[in-house]
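A short write-up of the structure that comes next.
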Amino acid sequence: MIARRKHLMLLSNVLPRGYLRMDGYSFNGGTYFDTGELSTEDMKIEMEFTINTVTDQAFFGSRLRLKVRNYSFFVKDGVFYCSANTNQISTDIPAEAGSYSVVYTPRDALINGVKIDYSNNSFVGSLNTVYVGGCHQMMEAYEPAVFVLHGFKFYKGDAL
């Protein structure tokens with residue numbers, strides 16, 4: 001009986017009682033999540049999100065100081081940036097209202113299908129865990145973001 005009910009729910013795409021379907025989680029510039037994971041050389045972050053207004057903000061990241069052990073994805077002066085250790089790399093992709101898909105590693109990024117390579121940067125691990133909705137620096141979320149998160153995956157090597 002239970003297996004039949006589960007099968008019917010999967011077929012009709014119905015959630016069990018007590019669950020709520022949503023299209024994303026809205027970050028309001030004060031909300032952030034701590035992944036509990038440190039940045040590593042083999043990490044990969046996949047993220048799908050929508051922004052309606054463009055401000056200087058960090059979508060995710062971890063850093064010791066502004067330009068030291070910084071692994072983050074953010075908007076600065078209306079352009080998407082990736083950080084890898086001591087470098088902030090401009091993607092030259094304007095941040096405009098719309099939906100985006102990002103695959104970030106400490107060596108390169110893929111933003112809506114456009115590859116950004118910064119593989120010549122050295123990796124030195126951060127002492128802070130990675131935040132989503134801001135950049136984790138000294139136990140605070142810096143550059144809090146305003147966006148709707150549709151999907152987020154954090155890999156260490158091949159492990160999700």
Side-chain angles (χ1 to χ4, degrees), residues 13 15-91 93 95-114 116 118 121 123-160:
N13 204 16
L15 293 173
R17 182 177 303 178
Y19 286 81
L20 175 67
R21 181 177 308 285
M22 53 191 287
D23 293 323
Y25 181 84
S26 294
F27 285 83
N28 61 11
T31 311
Y32 64 90
F33 294 128
D34 185 344
T35 65
E37 297 290 337
L38 295 172
S39 54
T40 59
E41 196 164 9
D42 65 346
M43 76 175 179
K44 177 173 74 169
I45 295 174
E46 296 177 0
M47 181 175 179
E48 295 86 36
F49 64 95
T50 300
I51 51 176
N52 293 320
T53 57
V54 178
T55 60
D56 287 3
Q57 59 187 344
F59 297 99
F60 60 81
S62 167
R63 65 183 180 214
L64 185 61
R65 291 189 306 273
L66 184 59
K67 293 189 178 181
V68 177
R69 298 182 189 175
N70 186 352
Y71 301 96
S72 60
F73 178 71
F74 60 100
V75 172
K76 180 174 131 185
D77 299 326
V79 175
F80 287 113
Y81 277 77
C82 297
S83 284
N85 196 8
T86 59
N87 295 311
Q88 294 183 347
I89 299 98
S90 172
T91 65
I93 298 173
E96 300 170 339
S99 295
Y100 294 90
S101 173
V102 175
V103 178
Y104 170 92
T105 75
R107 301 277 183 229
D108 57 27
L110 193 64
I111 304 167
N112 282 0
V114 177
I116 311 299
Y118 40 91
N121 290 292
F123 180 85
V124 180
S126 177
L127 304 174
N128 297 315
T129 55
V130 175
Y131 278 3
V132 180
C135 189
H136 185 181
Q137 176 182 325
M138 299 170 64
M139 304 308 291
E140 291 186 40
Y142 280 79
E143 300 158 342
V146 178
F147 67 104
V148 177
L149 179 66
H150 304 290
F152 185 86
K153 295 178 183 175
F154 191 114
Y155 294 90
K156 293 256 182 122
D158 292 333
L160 177 62

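Computed from a prediction, not measured in an experiment: that's the story for all the values here.
In this structure, T35 contributes its side chain and E37 its backbone to a donor-acceptor pair below 3.5 Å. Y32 places no side-chain N or O within donor-acceptor distance of the main-chain N or O of C135, the cut-off being under 3.5 Å. Judged purely by atom type and a 3.5 angstrom limit, D56 uses its side chain to pair as donor or acceptor with the backbone of D77. Here the side chain of S101 pairs no donor or acceptor atom with the backbone of E48 at under 3.5 angstrom. A donor-acceptor pair under 3.5 Å links the side-chain atoms of T91 to the main chain of F80, judged by distance alone.
With V132 as the fixed residue, the side chain to side chain contact (heavy atoms under 4.5 Å, CB included) test singles out one of F154, F49, F27, F59: F27. With N70 as the fixed residue, the side chain to side chain contact (heavy atoms under 4.5 Å, CB included) test singles out one of R65, Q137, Q88: Q88.
The closest side-chain heavy-atom distance from N112 to V102 is not below 4.5 Å. Taking the side chain as every heavy atom from C-beta outward, S72 and F60 never approach each other to under 4.5 Å. A 4.5 Å side-chain heavy-atom check between V103 and K44 finds at least one atom pair inside the cut-off.
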Which donor-acceptor pairs under 3.5 Å do the side chains of residues 139-151 make with protein atoms, sequence neighbours left out?
{"from": "E143", "atom 1": "OE1", "to": "R63", "atom 2": "NH1", "distance (Å)": "3.4"}
{"from": "H150", "atom 1": "ND1", "to": "D23", "atom 2": "O", "distance (Å)": "2.7"}
{"from": "H150", "atom 1": "NE2", "to": "T50", "atom 2": "OG1", "distance (Å)": "2.7"}

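For Y25 and F33, the gap between ring centers is short of 6.0 Å. Residues F123 and Y71 bring their aromatic ring centres within 6.0 Å.
When the shell of 6.0 Å around NZ of K76 is examined, it contains more than 12 heavy atoms from other residues, nucleotides or ligands. Heavy atoms from other residues, nucleotides or ligands lying under 6.0 Å from CG of N28 number more than 12.
Distance check, rounded to the nearest 0.5 Å: CG of L110 to CD of E46 gives 9.5 Å. In this structure, CD on E41 lies 12.5 Å from NZ on K156, to the nearest 0.5 angstrom. N128 CG to D34 CG: the interatomic distance, rounded to the nearest 0.5 Å, is 9.5 Å. In this structure, the separation between CG on D42 and CG on D158 is 8.5 Å, given to the nearest 0.5 Å. In this structure, CZ on F73 lies 5.5 Å from SG on C82, to the nearest 0.5 angstrom.
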_Chi angles and distances behind the side chain to side chain contact (heavy atoms under 4.5 Å, CB included) call for I51, Q57_ = CA-CA 11 Å; I51 51 176; Q57 59 187 344; 4.0 Å; yes

*Begin with the C-alpha distance, continue with both residues' side-chain angles, and end with the deciding distance and a verdict on side chain to side chain contact (heavy atoms under 4.5 Å, CB included) for N85 and R69.*
CA-CA 4 Å; N85 196 8; R69 298 182 189 175; 4.1 Å; yes

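Pairing each heavy atom of A58 with each of F74, the nearest pair is CA-CB, 3.6 Å. Shown here for V75 and A95, the closest heavy-atom pair between the two residues is CG2-CB, 3.7 Å. I93 and I111 make their closest contact through CD1-CB, 3.9 Å (heavy atoms, listed as atom of the first residue, atom of the second, distance). Taking all atoms of both residues into account, the shortest heavy-atom contact from V54 to G78 is CG1-CA, 4.2 Å. A pairwise comparison of heavy atoms in L38 and T129 identifies CD2-N, 3.8 Å as the closest pair. Closest approach of Y118 to D108, counting heavy atoms only: OH-O, 3.1 Å.
Side-chain atoms of S62 and H136 include no donor-acceptor pair closer than 3.5 Å.
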